[in-house]
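This one's a predicted model, so the numbers in the text were calculated from it and none came from an experiment.
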Amino acid sequence: MSSLRLGEIQTLEIVKKVEFGVYLASSKETQEERVLLPAKQVPEGAKEGDVIEVFLYKDSKDRLIATTKRPKLIMGEVALLTVAQMGKIGAFLDWGLEKDLLLPFKQQRGRVREGDQVLVSLYVDKSERLCATMNVYENLLSDSPYHKEDRVSGRVYEVSERFGAFVAVDDKYSALIPRKELFEEVEPGQIVNARVVAVLEDGRLTLSIREKAYLQIRKDAEKILELLDGYEGSLPFTDKSAPEVITHETGMSKNEFKRAVGHLLKEKKIQIGEKSIRRL
C-alpha cells in the first residue's frame with residue numbers, strides 16, 4: 001500500500017533538494033515513493049530532513065504533486081464548492097488549487113450550471129485521479145447538536161422515489177425527509193427549513209417540512225382559502241375526492257386536507273357541496 005495518499009493532508013520529509021523544488025517522502029528509507037513540491041511552494045530556508053505538511057493531488061499532466069495550500073475539500077469531507085465552468089465531461093469546481101476539480105456528469109444530481117454552488121465529496125476514479133461526487137451520504141456527520149422539535153436548515157442533495165429527500169443539515173449533518181412527509185416538490189440543491197421529528201440511534205436526523213398538527217391545520221386552512229380565491233371562490237373537488245387529486249392540487253395528504261376543511265367549516269368560512277367546496 002502506498003504511503004503517498006491522494007486527496008489527503010500528510011506530513012512528509014524533505015529527502016532531496018533540486019533546482020525546481022524538493023522531493024518529499026514519508027522517510028529517507030522510503031525514497032522509492034516520493035513526490036515533488038514545486039519551488040514556489042517550498043518554505044523559505046527549508047532543508048533536507050525538515051518535515052512539511054502538504055496536500056497531494058495530480059497536476060494537469062496527471063503527475064502526483066504536493067502543495068502547501070490547503071484546498072477547500074479533502075478526502076472524507078463534504079464541502080460546498082462553486083462551479084467555475086462547464087466542460088464536455090462534466091463541471092469544473094473551484095477548490096482553491098491551480099487545477100480545478102472535475103465533477104463528472106455521472107456524479108451529478110440534478111442540473112448543474114456555471115456559478116452554482118454544489119455540495120460534494122472527493123473520490124479517486126478508475127484512472128487514479130481525484131474527482132468530485134454529489135453522492136455525499138457516506139461522508140456526512142451523524143453527531144449533530146440537534147434534538148427532536150428543533151428547527152433546522154439544510155440542503156437537499158438527492159431525491160429518492162422510495163425513501164424521500166436526503167438532506168445535509170448545515171451542509172454537514174445527515175438527515176432524511178421521508179417520502180410520507182413530502183407533499184411538495186423538492187430538488188437537489190434546494191434549501192429547506194424543517195423540523196426534527198426524530199434522532200435515530202445512529203445519530204442521523206429524520207425531518208419534516210410540515211408543522212405540528214395544530215399549527216399545520218391553520219396553515220393548511222389558509223392555503224385552502226388562497227386556493228379558493230384562485231378558483232374564484234369554488235374548488236372543483238371535496239374532501240371525499242381521490243387522495244391523488246387532493247395531493248396534486250393542494251400538496252396535502254387527504255387526512256390533512258380533511259382536517260383543514262373541518263377547521264374552516266367550524267369557522268363557517270366554507271360550504272361543501274356534492275362535488276365542490278365554496279367560500280362563504
So, using ring-ring contact (aromatic ring centres under 6.0 Å, His included) as the criterion, who are the partners of Y173 when residues are at least two apart? none
What's in the same ILVMFWY side-chain cluster as I191, cut-off under 4.5 Å, chained through other members? none
Pairs meeting criterion ring pair (Phe, Tyr, Trp, His ring centres under 6.0 Å) with involvement of residues 100-119, two or more places apart: none
Got D94 and K72 here, is their nearest side-chain heavy-atom distance under 4.5 Å? yes
Pairs where residues 219-265 contributes a residue and the test ring pair (Phe, Tyr, Trp, His ring centres under 6.0 Å) is met, not counting sequence neighbours: F237-F257
Can you tell me which residue among I277, L235, I246 is in a side chain to side chain contact (heavy atoms under 4.5 Å, CB included) with V261? I277
Is it the case that the side chain of Q10 and the backbone of R5 share a donor-acceptor pair, with hydrogens and angles ignored and the cut-off at 3.5 Å? yes
Should the pair Y57 and W95 be assigned to parallel (<30°), tilted (30 to 60°) or perpendicular (>60°) ring geometry? perpendicular
Could R111 and D116 be called an ion pair, given the rule that one side-chain N must be under 4.0 Å from one carboxylate O? no
Does one side chain, of D171 or Y157, offer a donor that lies under 3.5 Å from an acceptor on the other? no
Enumerate the residue pairs fulfilling side-chain hydrogen bond (donor to acceptor under 3.5 Å, both in side chains) with a member in residues 35-47, sequence neighbours excluded, ordered by first and then second residue. K40-E98, Q41-T67, Q41-T68, K47-D50
Please walk me through it: do S234 and R278 pass side chain to side chain donor-acceptor pair (under 3.5 Å)? CA-CA 4 Å; S234 180; R278 187 167 60 85; over 6 Å; no
Return a table of donor-acceptor pairs under 3.5 angstrom between the side chains of residues 75-82 and protein atoms on other chains or two or more places apart.
unit_1, atom_1, unit_2, atom_2, d
E77, OE1, I74, N, 3.4
E77, OE2, R70, NH2, 3.4

